[in-house]
2 protein chains.
Amino acid sequence: MKKTEKRTSRAEQKARRPQEILEAAFEEFTVKGYAATRVEDVAARLGVTKGTIYLYFPTKEVLFEEMFRHMSTPFKDVLDSVGGFKGTCADRLRTLLLLAYEKIPNDRKTRELLRLTLSDGTRFPDIVDRHFDEFIAPLVAAVRALVDEGVSAGEFRRGAAANYPDVVASSILHVAVWRLMFADRRSIDGPAFMEAHYDLALNGLLQRS
Amino acid sequence: MKKTEKRTSRAEQKARRPQEILEAAFEEFTVKGYAATRVEDVAARLGVTKGTIYLYFPTKEVLFEEMFRHMSTPFKDVLDSVGGFKGTCADRLRTLLLLAYEKIPNDRKTRELLRLTLSDGTRFPDIVDRHFDEFIAPLVAAVRALVDEGVSAGEFRRGAAANYPDVVASSILHVAVWRLMFADRRSIDGPAFMEAHYDLALNGLLQRS
DNA sequence: TATCACTGACTAACGGGTTAGTCAATTCAG
DNA sequence: CTGAATTGACTAACCCGTTAGTCAGTGATA
């Protein structure tokens with residue numbers, strides 16, 4: 001079935017297999033969800049048969065969980081770098097939003113993992129925790145740190161918004177959910193939305209002087 | 001199986017059945033999703049057998065679609081009423097947000113329909129359209145109308161936020177998604193979040209003068 | 001009111017199709 | 001040739017949708 005390609009030795013192929021399988025699994029699971037995806041579909045995407053999958057992963061459930069882990073790429077490190085940036089809190093808020101938009105609604109991997117967390121999180125509590133630790137907690141922490149600093153510096157107002165920092169970043173989710181729901185059927189202007197978000201959040205935070 | 005209760009005649013029972021089935025279907029489908037839910041599970045919830053379901057609905061797909069329709073309760077009418085309210089645009093924004101929070105993240109029905117739209121929308125394009133028409137479009141329209149009026153009256157700033165009204169309401173989604181993801185495992189303070197949202201949005205919109 | 005023929009909502013059991021997981025046979029690189 | 005990687009036929013379990021048969025409830029009749 002798999003045609004023999006001179007450039008890949010058996011050892012290389014075997015070493016590559018797990019990753020290939022996890023990536024094929026990602027494509028299938030995100031389109032159909034856990035229950036509706038067949039292990040055979042995952043195999044077919046690689047041009048192998050079901051048996052091969054079971055040489056590398058013991059069950060469909062384990063395949064799903066390891067796929068989720070494999071596709072969660074680090075976000076916390078990126079965010080932490082914002083702490084080191086210079087400039088006004090307003091400037092750094094902009095940078096933070098840019099990074100968050102890049103990572104959450106603009107990155108297909110992250111977006112689709114959000115879908116899976118919502119659809120199959122009930123059956124796989126681990127992925128919910130992972131999602132929280134990986135994406136939500138770091139982002140909220142970064143926003144909180146920035147807002148607190150802005151308030152201390154007198155640049156931002158004290159007030160309800162400053163006390164519940166989630167609200168500053170939460171619009172990001174709107175774009176992610178929109179894209180998950182409508183895909184190409186209804187487009188959303190990402191940059192324009194982000195500008196609007198930044199404009200509203202910044203003016204909402206700034207001292208009214 | 002169903003014990004004879006004097007107070008329910010056959011005719012009454014039969015008239016009630018479709019609704020009972022749709023509500024049982026809602027409970028099952030929202031927990032497990034379309035694919036993982038068995039028609040027998042829906043039946044068991046009512047204390048009847050699978051055959052009974054098929055007396056009222058021809059296929060599992062139709063059952064799902066009709067359940068979705070039955071559970072979508074009108075939102076547009078409620079929102080339209082805000083147009084008639086008196087007061088500053090700030091006051092009416094608050095009312096609008098209150099209504100939207102009540103309807104979207106605080107109403108379990110709406111919240112769970114959002115989950116289904118995200119998980120199974122790919123298989124059932126109709127429910128995506130329905131979701132858009134029922135919830136998203138009316139809310140965005142209401143916000144846009146209010147913001148435009150505020151700008152015309154000189155109460156709100158012109159600016160990016162005023163031009164992309166989704167961003168004013170989008171934090172609502174955060175609470176809905178949070179509750180879908182974490183259920184009771186991580187609580188979120190709804191009223192406090194709404195206050196923060198209102199505070200940020202209003203200050204973001206008001207003239208800075 | 002008491003009897004009884006009839007109706008129709010419901011059940012139980014099954015056919016047919018699907019899929020997770022297994023394993024003996026096959027292939028092919030080294 | 002050898003043995004590791006892969007295949008694909010197979011099994012057992014599952015679930016949708018069907019249908020012959022059941023029996024509770026109804027209402028006509030005396």
Side-chain angles (χ1 to χ4, degrees), chain A residues 1-29 31-68 120 123-124, chain B residues 1-25 27-29 31-68 119-120 123-124:
Chain A
M1 179 133 299
K2 182 73 184 176
K3 53 176 68 112
T4 310
E5 289 161 17
K6 280 283 169 57
R7 65 183 61 211
T8 47
S9 73
R10 272 197 160 186
E12 287 169 334
Q13 182 66 282
K14 186 180 182 180
R16 224 193 318 263
R17 275 277 184 256
Q19 282 190 15
E20 287 179 346
I21 293 173
L22 292 172
E23 274 149 35
F26 170 80
E27 300 298 334
E28 295 293 323
F29 280 130
V31 172
K32 305 182 169 188
Y34 178 78
T37 297
R38 296 176 310 160
V39 175
E40 215 170 329
D41 296 336
V42 176
R45 185 171 275 269
L46 283 179
V48 299
T49 58
K50 198 171 39 159
T52 304
I53 307 288
Y54 283 98
L55 290 174
Y56 295 89
F57 300 94
T59 64
K60 187 185 171 186
E61 285 199 8
V62 169
L63 173 62
F64 181 78
E65 285 164 347
E66 297 214 354
M67 175 278 288
F68 199 96
D120 295 306
R123 284 163 161 305
F124 298 92
Chain B
M1 178 133 300
K2 184 76 183 175
K3 52 173 71 107
T4 309
E5 289 163 18
K6 282 282 171 56
R7 66 183 60 211
T8 46
S9 72
R10 271 192 163 189
E12 287 169 335
Q13 183 66 281
K14 184 179 183 181
R16 224 194 317 265
R17 272 281 183 255
Q19 281 191 16
E20 286 179 346
I21 293 173
L22 291 173
E23 273 148 35
E27 299 298 334
E28 294 294 321
F29 280 130
V31 172
K32 304 182 170 187
Y34 178 79
T37 298
R38 296 176 308 160
V39 175
E40 214 170 331
D41 297 335
V42 176
R45 186 172 274 270
L46 285 178
V48 299
T49 58
K50 200 175 32 161
T52 304
I53 307 290
Y54 282 98
L55 291 174
Y56 294 89
F57 301 93
T59 64
K60 188 185 172 186
E61 285 198 7
V62 169
L63 173 62
F64 182 78
E65 286 164 347
E66 298 214 353
M67 176 278 288
F68 199 96
S119 3
D120 296 305
R123 284 163 162 304
F124 297 91

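In what follows, chains carry the letters A, B, and so on, assigned in the order in which the sequence lines appear, proteins first and then strands, with residues in each chain numbered from 1. Bear in mind the structure is a predicted one, so any value in this text is a computation, not a measurement.
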Let's go through Lys60(A) and Phe29(A) carefully: what are the C-alpha distance in whole Å and the side-chain angles of both, what is the deciding distance for side-chain contact (heavy atoms from CB on, under 4.5 Å) to 0.1 Å, and is it a yes or a no? CA-CA 11 Å; Lys60(A) 187 185 171 186; Phe29(A) 280 130; 4.1 Å; yes
Using atom CD1 of Ile53(A) as one end and atom P of dG8(D) as the other, report the distance to the nearest whole Å. 14 Å
What is the separation between atom CD on Glu40(B) and atom C1' on dA13(D), rounded to the nearest whole Å? 14 Å
Working to the nearest 0.5 angstrom, can you tell me the gap between Leu63(A) CG and Glu28(A) CD? 11.0 Å
Lys32(B) NZ to dC14(D) P, straight-line distance once rounded to whole Å: 13 Å
So which heavy atom on Tyr56(A) is nearest to which on Pro18(A), and how close? CD2-CG, 4.0 Å
For Asp41(A) and dT18(C), what is the distance between atoms CG and P respectively, to the nearest whole Å? 13 Å
Out of dC10(C), dT6(D), dG17(D), which nucleotide sits closest to the side chain of Lys60(B)? dG17(D)
With a non-hydrogen cut-off below 4.0 angstrom, is Tyr56(A) in contact with a base, only sugar-phosphate, or nothing? sugar-phosphate
Roughly, in whole Å, what's the span from NZ in Lys50(A) to C1' in dC23(C)? 12 Å
When you measure from the side chain of Leu55(B), which nucleotide among dC15(D), dA20(C), dA9(C) comes out closest? dA9(C)
Rounding to an integer number of Å, can you tell me how far Arg38(B) CZ sits from dC14(D) P? 9 Å
Of the nucleotides dA12(C), dG8(D), dG17(D), which has the atom closest to the Thr49(A) side chain? dG8(D)
Find out whether Tyr34(A) and Phe124(A) are in side-chain contact, i.e. whether some heavy atom of one side chain is under 4.5 Å from a heavy atom of the other. yes
Lys32(B) side chain reached by Asp41(B) side chain, heavy atoms, under 4.5 Å: yes
To the nearest Å, how far apart are Gln13(A) CD and dA4(D) C1'? 14 Å
When you check the phosphate oxygens OP1 and OP2 of dG17(D), does a side-chain N or O of Thr59(B) lie under 4.0 Å from one of them? no
Nearest nucleotide by nearest heavy atom, which residue falls closer to the 5' end of DNA chain C, Thr37(A) or Gly51(A)? Thr37(A)
Any base atoms under 4.0 Å from Lys14(A), or only sugar-phosphate, or nothing? Heavy atoms, all strands. sugar-phosphate
Write down the distance between CZ (Phe64(B)) and C1' (dC16(D)), rounded to a whole number of angstrom. 17 Å
Residue Tyr54(B), side-chain heavy atoms: nucleotide from dG21(C), dC16(D), dT11(C) that is nearest: dC16(D)
